[in-house]
Amino acid sequence: MELSRINLNLLISLYYLLQLKSVTAAANAQHITQPAMSRNLSQLRTIFNDKLMVRVGNTMHLTPRGEQLWTQLPDALNQLESLLIPSQFEPAGYHGEFNIATTDFITHDLMPPLLATLQQDAPGISLHFHLWHPGMMDALRQGRIDLAACILDTVPDDIYGKQLGSDSYSCLINRHHPLMDQPITLNDYSTADHIGISAGGDKIRAVDEALSQLNRQRQMKLTVPFIHSAMAITQQANYILTLPTHIANRLGPEYDLITRPLPPQINIPNSQYYLIWHQRLQGDPAHRYLRERLFSSLST
């Protein structure tokens, strides 16, 4: 029998007819009228080229073909339903791995409590973290990366994303910096020595684009790949470190750094933070479980 020949709803009617051996009872069970169930039985008899059930005295009995179908149909319907309705995900019994792209700030400062919980709740999950850079969007499309937490201007059409938040920019300087006791002016900012972070997301371009609108540029004297390296260096050397404000406020005190606002002329649009994944993973139960846990952790 070819599936194209049959309305799958007829299989539900067949199930009730074979189970209850009554057109009236089957119609009530499926919540359709008795004439509609009679028409369904007629179609099923044509499809299977068999009466399926016949009257013997005052009761209906299944034909041998009907008996054979009854032994196969419940399991077949259960398998079909499992294709259409994803089973409930059980994290404790799941085994699999995911590749996640993010920043060193997230993995060092935000992830540890979640990862400790996941080790207990889903011990079979293996997570491999990679330092995010904008070129990894293709890695999401090609399946080399499963999730990413990053700064984006816009989310591409073939990528799903949930916004984690948005943020402005602030400056960090040490307590011995020449600008420590005064507001940082545009001229101060343009002529001072700067340190930038070259990896884990684009934290340099937005500042430089805003300066270029003012026909200014800053003196980028040092770049390093990691936030905590930049913090430790800024603690010792008289650089200005410009970062998203929530990072500056969280990590600055750990390194005894002082937060200062950008000069008011520097107009930088707020950074938009997203958790993103490719559309092919939208319905995967394990992926859904992981991204919901990540979203809950990173958006608090």
- prompt: Hey, what do you get for CD (Gln72) to CD (Glu67), rounding to the nearest 0.5 Å?
  reply: 12.0 Å
message: Looking at Phe226, I'd like to know if its CZ atom is crowded, meaning that more than 12 non-hydrogen atoms belonging to other residues, nucleotides or ligands lie closer than 6.0 Å.
response: no
- prompt: Would you say the side chains of Asn99 and His128 form a donor-acceptor pair under 3.5 Å?
  reply: no
query: Would a line drawn from the ring center of Tyr273 to the ring center of His246 be shorter than 6.0 Å?
result: yes
- request: With sequence neighbours excluded, tell me which residues meet side chain to side chain contact (heavy atoms under 4.5 Å, CB included) with Asp208.
  value: Ile204, Leu211, Arg218
message: Under 3.5 Å, is there a donor on one side chain and an acceptor on the other for Asn238 and Asp193?
response: no
message: Students often mix this up, so state it plainly: with edges at 30° and 60°, are the rings of Tyr160 and Trp277 parallel, tilted or perpendicular?
response: parallel
- line: To the nearest 0.5 Å, atom CE of Met137 lies from atom CG of Asp158 at 8.5 Å
- prompt: Below 4.5 Å, heavy atoms only, C-beta onward: do His177 and Tyr239 meet side chain to side chain?
  reply: no
message: Hydrophobic clusters here meaning ILVMFWY residues chained together by side-chain heavy-atom distances under 4.5 Å, can you tell me if Leu69 and Val54 are in one?
response: no
query: Should the pair Arg293-Asp121 be classified as a salt bridge under the 4.0 Å nitrogen-to-oxygen rule?
result: yes
message: Just so I know, are the side chains of Met53 and His61 near enough to count as touching, which here means a heavy-atom distance under 4.5 Å?
response: no
- request: Tell me yes or no: between the side chains of Ser170 and Thr245, is some donor less than 3.5 Å from an acceptor?
  value: yes
message: Tell me if a side-chain donor or acceptor on Ser42 pairs with a main-chain N or O of Ser38 at a distance below 3.5 Å.
response: no
statement: CZ (Arg260) and CG (Leu241) are apart, to the nearest 0.5 Å, by 14.5 Å
field: Set of residues satisfying side chain to side chain donor-acceptor pair (under 3.5 Å) with respect to Arg45, sequence neighbours excluded
entry: none
message: Is the shortest side-chain heavy-atom distance between Glu97 and Leu127 below 4.5 Å?
response: no
task: Evaluate the ring planes of His108 and His228, with Trp represented by its six-membered ring, and classify them as parallel (under 30°), tilted (30 to 60°) or perpendicular (over 60°).
output: tilted
- request: Please name all residues satisfying salt bridge (Lys or Arg N to Asp or Glu O under 4.0 Å) with Asp50, sequence neighbours left out, ordered by chain then number.
  value: none
- prompt: Within a strict 4.5 Å, meaning less than it, do heavy atoms of the Ile276 and Cys150 side chains meet?
  reply: yes
- line: Heavy-atom closest pair (Asn267 atom, Pro269 atom, distance to 0.1 Å) is O-CD, 3.8 Å
query: Are any non-hydrogen side-chain atoms of Ile100 and Leu290 less than 4.5 angstrom apart?
result: yes
- prompt: Just by distance, with hydrogens left out, do Gln217 and Ser212 show a side-chain donor and acceptor under 3.5 Å apart?
  reply: no
query: More than 12 foreign heavy atoms under 6.0 Å from CG of Asp138: is that the case here?
result: yes
message: Taking the side chain as everything from C-beta on, heavy atoms only, tell me whether Asp104 gets closer than 4.5 Å to Trp132.
response: no
- request: Please check if Ile240 and Leu214 belong to a single hydrophobic cluster, counting links between Ile, Leu, Val, Met, Phe, Trp and Tyr side chain heavy atoms closer than 4.5 Å.
  value: yes
